[in-house]
Amino acid sequence: MEYYVLTQSGREAIPVLQKTERNDEANILEHLGKADGATVEQVADEMHLDKKTAYDKLRSLSANRWVWQKMTKLTPF
C-alpha cells in the first residue's frame, strides 16, 4: 500500500501556493500535514476529487518534492 507524506519543503510551499491561487495543491498539502500522511483514496475523499485527479496531483507534488511517496507491506481491507 502506498501513501503520501508532507515534506519540509512542502510545508514551506503552502503559503506560496495560496498566494498564486493554486488552492487545490495547497489544500492537499495542508491535509497531508494534518493527517501525517494519506492514501490517494483518502485525499480524493477529503478534497472531493475523483481518484485519478487526486493521483495526478499527488504525483505532481511528489515530482516537486513537496510530498514523499511511502510504501508499506500493509494492504487495505
Side-chain angles (χ1 to χ4, degrees):
M1 184 163 97
E2 66 184 35
Y3 65 100
Y4 293 85
V5 179
L6 183 65
T7 64
Q8 182 61 36
S9 61
R11 197 175 317 277
E12 295 167 359
I14 293 171
V16 175
L17 291 170
Q18 290 171 336
K19 286 180 185 176
T20 58
E21 297 186 11
R22 292 175 59 188
N23 294 324
D24 287 344
E25 290 91 346
N27 291 340
I28 290 171
L29 292 176
E30 285 180 337
H31 173 68
L32 292 175
K34 291 177 186 173
D36 292 328
T39 63
V40 174
E41 292 83 6
Q42 291 169 330
V43 170
D45 288 342
E46 184 67 28
M47 299 295 130
H48 306 291
L49 301 169
D50 62 274
K51 187 177 172 183
K52 182 178 179 346
T53 303
Y55 179 76
D56 290 342
K57 288 190 182 289
L58 286 167
R59 296 294 291 167
S60 172
L61 294 172
S62 179
N64 288 325
R65 300 192 190 275
W66 292 335
V67 299
W68 179 49
Q69 181 182 8
K70 193 167 184 179
M71 301 291 284
T72 67
K73 291 184 180 180
L74 299 175
T75 55
F77 50 85

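Values in this document were obtained by computation on a predicted structure and should not be read as measured data. What's counted below: heavy atoms across the whole structure, side chains too, no hydrogens, waters or symmetry copies.
Note: the hydrophobic cluster containing M47 also contains I14 (ILVMFWY, side chain heavy atoms under 4.5 Å, direct or indirect links). Both W66 and L49 belong to a common hydrophobic cluster when Ile, Leu, Val, Met, Phe, Trp and Tyr are linked at side-chain heavy-atom distances under 4.5 angstrom.
The stretch residues 21-34 participates, sequence neighbours left out, in these side chain to side chain donor-acceptor pair (under 3.5 Å) pairs: Q18-E30. A side chain to side chain donor-acceptor pair (under 3.5 Å) check over residues 43-58, counting only residues at least two apart or in different chains, returns the pairs E41-K51, D50-T53, K52-D56.
Residues L6 and R11 share a closest heavy-atom pair of CD2-NH1, 3.6 Å. Across every non-hydrogen atom of A38 and V43, the tightest pair is CB-CG2, 3.9 Å.
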Worked check of side chain to side chain contact (heavy atoms under 4.5 Å, CB included) between I28 and Y4: CA-CA 10 Å; I28 290 171; Y4 293 85; over 6 Å; no

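Note: L29 CG to L61 CG = 5.0 Å, rounded to the nearest 0.5 Å. The OH atom of Y3 lies 11.0 Å from the CD atom of Q69; values are rounded to the nearest 0.5 Å.
In terms of the side-chain hydrogen bond (donor to acceptor under 3.5 Å, both in side chains) criterion, residue partners of S9 (sequence neighbours excluded) are, by chain and number, T7.
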